[in-house]
Amino acid sequence: MTTPVFDLEKSIQAILFIANRLERKDFHKIFKILYFADREHLSQYGRTITGDTYVAMKDGPVPSKIDDIFKAVRGDSFFTEYAGEYHKYFNVHNWYFIHPNMDANLDCLSESDVEMLTGSLKKYGSLSWDEIREKSHDYAWRATPSNGQISLEDILRESGDSEDYIEFINEQIALQKACI
């Protein structure tokens, strides 16, 4: 199973982009908006926005590293001692709600990143908790054991991409990792 390369700066900026445009800024909603934007971006442009790995949790896909960052800022993570640098971007209140402290730096996001984030917000941003949860229980989520890593291959299959395209994406990610 191929895993993308996590991009911390893009992830932070994507979070800020979403949180500044959502009415309900809770972990769940932000995670789902990111998932749908990453899924669509991967299918259309061959890479995710965040590079995060999604885990099949009970209520749908959760971006693993972003979840760790949110919990660290909240103060209940193994990584809490590293949370200080993230407080300048956002705070967590009432246990699950994000308060952005600044706007997203659009110079860190590509045009296609902004396009997919905006599209995901328009399509899913006004859905209720139950509705967005249901939509996120897609093929990729269902094909993954509980608390397991959702494969990029299954995310691409959910989008209707061919096995040849999936192989191509895997090769591109391997090349990217080799250059790091």
Side-chain angles (χ1 to χ4, degrees), residues 1-22 25 27-57 60-70 89-90 98 100 103-127 132-144 148-180:
M1 177 176 5
T2 302
T3 56
V5 177
F6 181 65
D7 190 323
L8 176 61
E9 186 59 34
K10 273 193 169 202
S11 294
I12 294 293
Q13 298 310 318
I15 291 164
L16 291 172
F17 186 89
I18 292 167
N20 279 295
R21 288 160 179 80
L22 275 178
K25 303 166 191 334
F27 287 24
H28 184 264
K29 186 75 151 227
I30 292 169
F31 291 166
K32 300 310 172 263
I33 297 295
L34 279 171
Y35 173 71
F36 293 125
D38 270 341
R39 183 180 78 182
E40 190 69 19
H41 202 284
L42 178 62
S43 180
Q44 287 193 28
Y45 297 104
R47 67 168 175 79
T48 64
I49 298 165
T50 65
D52 210 340
T53 301
Y54 286 88
V55 176
M57 304 294 279
V62 171
S64 177
K65 289 177 179 60
I66 292 171
D67 186 41
D68 287 340
I69 291 168
F70 282 10
Y89 299 111
F90 55 84
I98 299 297
D103 290 329
N105 179 352
L106 297 182
D107 291 338
C108 296
L109 298 170
S110 70
E111 287 182 29
S112 62
D113 296 338
V114 172
E115 172 192 359
M116 293 299 119
L117 290 167
T118 301
S120 186
L121 281 162
K122 284 181 181 173
K123 190 169 184 179
Y124 305 104
S126 64
L127 296 181
I132 201 166
R133 179 184 184 273
E134 181 67 29
K135 295 252 184 222
S136 72
H137 287 189
D138 59 9
Y139 166 79
W141 179 84
R142 290 189 315 273
T144 307
Q149 178 180 321
I150 300 173
S151 75
L152 285 182
E153 294 85 354
D154 284 340
I155 292 172
L156 288 164
R157 287 181 188 108
E158 168 65 27
S159 298
D161 292 306
S162 71
E163 293 301 316
D164 287 341
Y165 185 65
I166 293 169
E167 183 178 332
F168 171 76
I169 297 303
N170 283 332
E171 291 169 2
Q172 294 305 304
I173 291 171
L175 286 172
Q176 182 184 19
K177 286 180 176 180
C179 292
I180 294 177

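By convention here, the first residue in the shown sequence is residue 1.
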In this structure, which one of Phe27, Phe70, Phe17 forms a ring pair (Phe, Tyr, Trp, His ring centres under 6.0 Å) with Phe90?
-> Phe70

How many angstroms lie between atom CD1 of Ile132 and atom NE2 of His137, to the nearest 0.5 angstrom?
-> 11.0 Å

Would you check if Pro4 and Asp52 make a side-chain contact, meaning some heavy-atom pair closer than 4.5 Å?
-> no

Non-hydrogen side-chain atoms of Ser112 and Arg47 separated by less than 4.5 Å = yes

Taking atom CD1 of Ile18 and atom CD1 of Ile30, what is their separation to the nearest 0.5 Å?
-> 7.0 Å

Using atom types as modelled, flag every donor-acceptor pair under 3.5 Å from a side chain in residues 114-127 to any protein atom, sequence neighbours excluded.
residue, atom, partner, partner atom, Å
Glu115, OE1, Tyr45, OH, 2.8
Thr118, OG1, Val114, O, 2.8
Ser120, OG, Ile33, O, 2.8

Do the non-hydrogen side-chain atoms of Asp161 and Leu42 ever get within less than 4.5 Å of each other?
-> no

Scan side-chain atoms only and decide if Asp113 and Ser110 contain a donor-acceptor pair under the 3.5 Å cut-off.
-> yes

Please assess Lys65 against Thr50 for the test side chain to side chain donor-acceptor pair (under 3.5 Å), listing each intermediate value before the final yes or no.
-> CA-CA 10 Å; Lys65 289 177 179 60; Thr50 65; over 6 Å; no

Heavy atoms of other groups near Glu134 CD, more than 12 under 6.0 Å = no

Rounded distance [0.5 Å steps], CD1 in Ile66 versus CG in Leu8 | 9.0 Å

On a heavy-atom basis, the closest approach of Ala19 and Lys25 is O-NZ, 2.7 Å

Side chain to side chain contact (heavy atoms under 4.5 Å, CB included) evaluation trace for Phe6 with Ser11 = CA-CA 8 Å; Phe6 181 65; Ser11 294; 3.2 Å; yes

Could you state the interatomic distance from CD1 (Ile150) to CG (Asp138), rounded to the nearest 0.5 Å?
-> 7.0 Å

Interatomic distance, OG@Ser64 vs CZ@Phe31, rounded to 0.5 Å, equals 9.5 Å

Hey, is Asp154 close enough to Arg157 for a salt bridge, meaning N to O under 4.0 Å?
-> yes

Name all residues meeting the side-chain contact (heavy atoms from CB on, under 4.5 Å) criterion together with Glu9; count only those two or more places apart in sequence or in a different chain, and write none if there are none.
-> Asp7, Gln13, Tyr89, Cys108

Start with the C-alpha gap between Leu152 and Thr48, add the side-chain angles, then the distance that decides, and say whether side chain to side chain contact (heavy atoms under 4.5 Å, CB included) holds.
-> CA-CA 9 Å; Leu152 285 182; Thr48 64; 4.3 Å; yes

Would you say Lys10's side chain and Gly51's backbone share a donor-acceptor pair under 3.5 angstrom?
-> no

About how many Å separate CD1 of Ile155 and CH2 of Trp141, when rounded to the nearest 0.5 Å?
-> 14.0 Å

For Tyr35, check ring-ring contact (aromatic ring centres under 6.0 Å, His included) against everything at least two apart and list the hits.
-> Tyr54

